[in-house]
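Atoms within a ligand are numbered from 1 in the order they appear, just like the ligands themselves. Please read these numbers as outputs of a predicted model, since none were measured by experiment.
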Amino acid sequence: MLKRIVTLITLALFISACEEQQELPEPVEDVPVYDRLIAVIHPTEGNDTQGVVTFSREGDDVRVVATVDGLDEEGLHGFHIHQYGDCSAEDATSAGGHFNPYGMPHAGPTDDERHMGDLGNLVSDENGIATLDYIDPVIELDGEFSIVGRSVVVHAQQDDLETQPTGDAGARLGCGVIGIAEPVD
Ligand code: CU
Ligand code: ZN
């Protein structure tokens, strides 16, 4: 008798467990679509470079808007998306190299063959502030090669847009991880 009750209880628990499983939502099959991403740049050890970079959908292209301060006066500073969203190292070397999902050579933002991460240079003014606002045809906000979860790096030196694979842009002054931002109209 006891054995039969235990069996019934076990059966009841099993059935309720099955019902609970059936209540789970269906898995989402579509890949996420992002209309606006943001990176907040923080200075690396011994530097003061900080800023904000946004990436927003502009038709088939991406509008890149950056404001960065804490730079030297009137200088050019290599500006890239790097492979890893890891700014943990004191010198941000943990961010890896330029984001390059298509195996292209290093170049500038207007070149057809370039790293996806090649954003060229920031130009600082007499106050050490740089602003940038341009349309980029290569950056991808979503899909397999999305820049989400990667990083933006500002360098000490000018990117010559030629030297492989870095543009010879020198040390990393600031680094920020690219995250998902609330869309704005
Ligand atoms: Cu870089
Ligand atoms: Zn590059």
Side-chain angles (χ1 to χ4, degrees), residues 37-56 60-125 128-181:
L37 307 176
I38 187 165
V40 178
I41 295 172
H42 298 282
T44 52
E45 189 70 25
N47 296 301
D48 302 311
T49 301
Q50 59 180 10
V52 175
V53 186
T54 59
F55 302 92
S56 42
D60 290 335
D61 299 326
V62 170
R63 183 178 179 189
V64 181
V65 178
T67 305
V68 175
D69 62 45
L71 297 165
D72 59 356
E73 290 176 26
E74 295 172 3
L76 268 69
H77 297 273
F79 185 53
H80 315 121
I81 297 165
H82 282 240
Q83 184 172 7
Y84 302 116
D86 180 357
C87 299
S88 62
E90 286 185 351
D91 58 0
T93 50
S94 47
H98 300 179
F99 183 44
N100 183 27
Y102 295 108
M104 294 291 185
H106 175 72
T110 58
D111 290 308
D112 290 335
E113 293 201 345
R114 52 168 261 203
H115 298 150
M116 189 186 292
D118 290 343
L119 310 187
N121 285 287
L122 291 176
V123 184
S124 58
D125 64 13
I129 299 170
T131 56
L132 180 70
D133 186 344
Y134 83 103
I135 305 294
D136 192 296
V138 173
I139 290 172
E140 295 172 35
L141 297 182
D142 34 45
E144 186 179 3
F145 300 133
S146 170
I147 62 168
V148 164
R150 304 190 184 277
S151 60
V152 176
V153 171
V154 180
H155 289 266
Q157 310 295 331
Q158 176 178 357
D159 182 336
D160 64 14
L161 313 180
E162 282 180 2
T163 304
Q164 302 299 324
T166 62
D168 197 22
R172 302 172 183 198
L173 300 180
C175 180
V177 180
I178 301 169
I180 302 160

His98 N/O/S atom closer than 2.8 Å to the Cu ion (ligand 1) =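 No, outside the cut-off.
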ask   = Hey, do the aromatic rings of Phe145 and Tyr102 have their centres closer than 6.0 Å?
value =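 Phe145 vs Tyr102: aromatic centres under 6.0 Å.
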key: Ring-ring centroid check His115 His80, cutoff 6.0 Å   =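 For His115 and His80, the ring centres are not under 6.0 Å apart.
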key: Under 2.8 Å from the Zn ion (ligand 2) - protein N/O/S, by chain and number   =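 Short answer, with waters excluded from the count: His98 ND1, His106 ND1, His115 ND1, Asp118 OD1.
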query = Does CD belonging to Gln164 count more than 12 external heavy atoms closer than 6.0 Å?
reply =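 Yes, because the 6.0 Å sphere around CD of Gln164 holds more than 12 heavy atoms from other groups.
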query = Does atom CD of Glu90 have more than 12 heavy-atom neighbours, drawn from other residues, nucleotides or ligands, at distances under 6.0 Å?
reply =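 Atom CD in Glu90 is not packed in, count stays at 12 or less.
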query = Hey, are His106 and Asn100 close enough side-chain-wise for a donor-acceptor pair under 3.5 Å?
reply =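 Result is no, nothing qualifies.
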message = Keeping Arg114 on the side-chain end and Pro109 on the backbone end, is there a donor-acceptor pair under 3.5 Å?
response =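 A pair under 3.5 Å: yes.
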message = With rounding to 10 degrees, what does the angle His155:NE2 / the Cu ion (ligand 1) / His82:NE2 come to?
response =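 NE2 of His155 and NE2 of His82 make an angle of 120° at the Cu ion (ligand 1), to the nearest 10°.
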task = For residues Val177 and Gly85, report the shortest heavy-atom separation together with the two atoms involved.
result =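 Val177 and Gly85 have their closest heavy atoms at CG2-O, 3.4 Å.
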ask   = the Cu ion (ligand 1) is nearest to which N, O or S atom of His80?
value =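 Nearest N/O/S atom of His80: ND1.
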